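Being a predicted model, the structure only gives us computed values, none of them experimental. Only this structure's heavy atoms are used, side chains among them; waters, hydrogens and symmetry mates stay out.
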Amino acid sequence: MTTTLPDEATRPAGPPLRGETMLPDDTARLRVAVAFVREHDSATLLPLLLPGLRGPELESLAPHCRFAHAGLLLFPTDPQDLRRQLADCGLAVDTPSQPSVVVRERLARRHRRDLAELDVRILRPRVQGPAGERRAVEVFALTVPEHSDLEAIAAHERARGHEAHLALELEHPDPLVLRGLCAVLARHGARPDGGGYNPHEDGTVLYFTTPAAGACGYRRLELYTPGDHRDALDDHLCPDPQERPDAGRPAETLLRLLTGAWTTQALAAFARLGLPDAMDPYAATSTRELARRTATRPENLATLLRYLTMLDVVAEDAEDAEEEESFRLTQLGALLRADSPDTMRPLALMYAGPFYRSFAALDHTVRTGQPAFDHLFGENHFDHFARDPELADLFDRSMAASSRMFQPLPAHPVITTAARASTPRTVVDVAGGNGELLGRILTAHPGLRGTLLERPHAVEAARRSLDAAGCGARCDYRSGDFADVPHGGDVYVLSRILHDWDDDRCREILRHCARAMPAHADLLVIERLLPADGSPSLATAWDLHMMCNVGGRERRGEHYARLLADAGLELLDHTPLPLEAYVLHARKAR
């Protein structure tokens, strides 16, 4: 989606929602929004937003747009808390959710936080209007665990109501009507406040800030129309044609997409040369000094750094630009430091290495159905990596580089229930890699024991990792394949395993787990889920990656439910994790 947002640091936040200062919690705020949606239609809503809009002008405007939803940002402590809030307000607790890219980016920018820290979901539970119309409350949910450092963000956002808005939708996508609506809104004091076109749903959205004198307390208005109306969007975002960027034009857009391979290799070169470790995130360093530290040529290094500046991986020091180019490391670039606790350096090296080479043969996979990796290297990637200890180690570390998706898992109810049991319970991590996930669980819950099943070379790496984390004494290690899943555990974990395989192999893996599980045991499956509505998702990109490199695939939630059922297991629920992952909770079917 092409999205342009205003500078929110300078935008007036507007008054809180009606009675917000008297509301004790998010449930009450949600209840107010639900009531507002049930009580109003376009004819009653527009005069509240735009004082002075009345009479014939209102009568001609209202029929062209319908009141679609009211939006607000909530801060549940966990997914169960959000479901409770929905239930308390009479909303469907099983409403599907998906990542909210725009609000996540707005929060990260407003509070200067890493995007990875903010797991924002969007869901639209249905609400009926005064005449039974189908409407919704658009809920943005940022999970804020108790006593976390995100509580300050929640307090600020509750007080300011930045994301609270109302939405109108054009009944018929007529460009002339859209421009007329924009003109009327501007004439009555509404100001452009960003917008964008979403090619995945073929819809255009325009945002406005409404006058402070409005009577309903909402200060932001969303105007949505089906179809591609980027000419009207250009006028909305930048009225002066001479000042409009060319980035939205098809040829330029395609050219930027075609050069994506350059980005992959530039990031990997940045990491391989040790530049992230040689740079300071707080003070700029001259190109000449960086070249000395990394044994590179200053002129060529400057070219690389200027390119990385466009990606926000490094930032140029404008004050020294006239004398000598100087650069500092950004928060994004710091993720490529070797010593960062959340380093993604191994991923950069892996994606620019063997996986980069195999993607060059993607057309072979599409044509034949065979993984490009196998075609290129003559064997599957598991066997290929196992033959090369250095490459195997890089792969294990690249998998651990995505470990931030595991951060909420130790607090999952299945894990916490096992930890509170009167007798020690065992967590079995099937194909658990280097033990990153199991280590997090055992560290968070000293009363739990662990068992890790892996190939021999990975077992030794896991043993070293868990010993270093101080929980190796509570862990057993088993060398073997999926047929060797240990019996008698209490919680079984399959983390990013099933997407490596076709459906038949997945059923076989799940049956091995089901046979090993006692009647009371729980199974947690961690995977990305393909969105049911085709919205943009990391899972869609990984679906292509799995097809090309391992012959696997990503799946929708209902697909996993069928695979589990075929193995005698029942999917009970699924809850979101960071990096657009999910944890699926299953048990033996009754």
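A salt bridge is defined here as a Lys NZ or Arg NE, NH1 or NH2 lying under 4.0 Å from an Asp or Glu carboxylate O, and Glu163 with Arg106 meets this definition. Taking 4.0 Å as the cut-off between side-chain N and carboxylate O, Asp566 and Arg511 do not count as a salt-bridged pair. A salt bridge between Arg440 and Glu436 is present, with a side-chain N of the basic residue lying under 4.0 Å from a carboxylate O of the acidic one.
Between His445 and Arg420, every side-chain heavy-atom pair lies at or beyond the 4.5 Å cut-off. Looking at heavy atoms from C-beta onward, His188 lies out of side-chain contact with Leu49 at the 4.5 angstrom threshold. For the pair Leu142/Glu117, no side-chain contact is recorded, criterion being any heavy-atom separation below 4.5 Å from C-beta on. You'll find the side chain of Leu524 stays beyond 4.5 Å of the side chain of Leu494, heavy atoms only. Contact annotation: the side chain of Val139 never approaches that of Arg124 to less than 4.5 Å [non-hydrogen atoms, C-beta and beyond]. Side-chain contact check for Pro211 versus Leu50: some heavy-atom pair is nearer than 4.5 Å. Looking only at side-chain heavy atoms (C-beta outward), Ile415 and Pro413 stay at 4.5 Å or farther from each other.
Other residues, nucleotides and ligands place no more than 12 heavy atoms under 6.0 Å from the CD atom of Glu146.
With values rounded to the nearest 0.5 angstrom, Asp522 atom CG is found 4.0 Å from Arg587 atom CZ. Here the NE2-CZ distance, from His559 to Arg562, works out to 5.5 Å after rounding to the nearest 0.5 Å. Rounded to the nearest 0.5 Å, atoms OG (Ser100) and CG (Leu123) are 10.5 Å apart. Put simply, CG on Leu107 and NE2 on His156 are 9.0 Å apart, with the number rounded to the nearest 0.5 Å. The CG atom of Leu529 lies 7.0 Å from the OH atom of Tyr560; values are rounded to the nearest 0.5 Å. Between the CG atom of Leu206 and the CG atom of Leu168 there is a distance of 11.5 Å, given to the nearest 0.5 Å.
Between His585 and His412, the ring-plane angle classifies as perpendicular under the 30° and 60° cut-offs. Ring-plane geometry between Tyr218 and Phe36 is classed as tilted, the angle between the planes lying from 30 to 60 degrees on a 0 to 90 degree scale.
A donor-acceptor contact shorter than 3.5 Å is absent between the side chain of Glu157 and the backbone of Ile153. Under a 3.5 Å cut-off, the side chain of Asp543 and the backbone N or O of Glu554 do form a donor-acceptor pair. Ser97 places no side-chain N or O within donor-acceptor distance of the main-chain N or O of Ile122, the cut-off being under 3.5 Å. Arg553 places no side-chain N or O within donor-acceptor distance of the main-chain N or O of Met547, the cut-off being under 3.5 Å. Checking side-chain atoms of Lys588 against main-chain N and O of Met517 turns up a donor-acceptor pair under 3.5 Å. The backbone N or O of Gln85 lies less than 3.5 Å from no partner atom in the side chain of Thr27, so there is not a single donor-acceptor pair. In terms of modelled atom types and a separation under 3.5 Å, the side chain of Glu527 and the main chain of Ile497 share a donor-acceptor contact. Arg135 places a side-chain N or O within 3.5 Å of a backbone atom of Val37 that can act as its donor or acceptor partner. Arg555 places a side-chain N or O within donor-acceptor distance of the main-chain N or O of Leu498, the cut-off being under 3.5 Å.
Residues meeting the salt bridge (charged side-chain N to carboxylate O under 4.0 Å, His left out) test with Glu508, sequence neighbours left out: Arg505. For Asp490, the side chain to side chain donor-acceptor pair (under 3.5 Å) partners at least two apart in sequence or on another chain are His520. By the salt bridge (charged side-chain N to carboxylate O under 4.0 Å, His left out) test, Asp41 is found to be paired with no residue, residues two or more places apart in sequence or in another chain being considered.
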field: side-chain contact (heavy atoms from CB on, under 4.5 Å) between Leu74 and Phe140, worked out
entry: CA-CA 6 Å; Leu74 302 180; Phe140 303 101; over 6 Å; no
- request: Assess whether side-chain hydrogen bond (donor to acceptor under 3.5 Å, both in side chains) is satisfied between Asp312 and Thr330, documenting all intermediate values.
  value: CA-CA 7 Å; Asp312 196 31; Thr330 66; 4.6 Å; no
Residues Arg109, Glu105; criterion salt bridge (charged side-chain N to carboxylate O under 4.0 Å, His left out); working and verdict: CA-CA 6 Å; Arg109 186 174 62 188; Glu105 290 176 347; over 6 Å; no
- request: Check step by step if salt bridge (charged side-chain N to carboxylate O under 4.0 Å, His left out) holds for Asp149 and Arg113.
  value: CA-CA 11 Å; Asp149 62 350; Arg113 301 296 288 260; 3.0 Å; yes
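Between Leu178 and the options Leu233, Asp235, Thr225, a side chain to side chain contact (heavy atoms under 4.5 Å, CB included) holds for only Thr225.
Cation-pi geometry between Arg220 and Tyr207 is met: the NZ or CZ atom falls under 6.0 Å from the ring centre, inside 45° of the normal.
At a cut-off of 3.5 Å, with distance as the only test, no side-chain donor of Glu169 or His69 sits close to an acceptor on the other residue.
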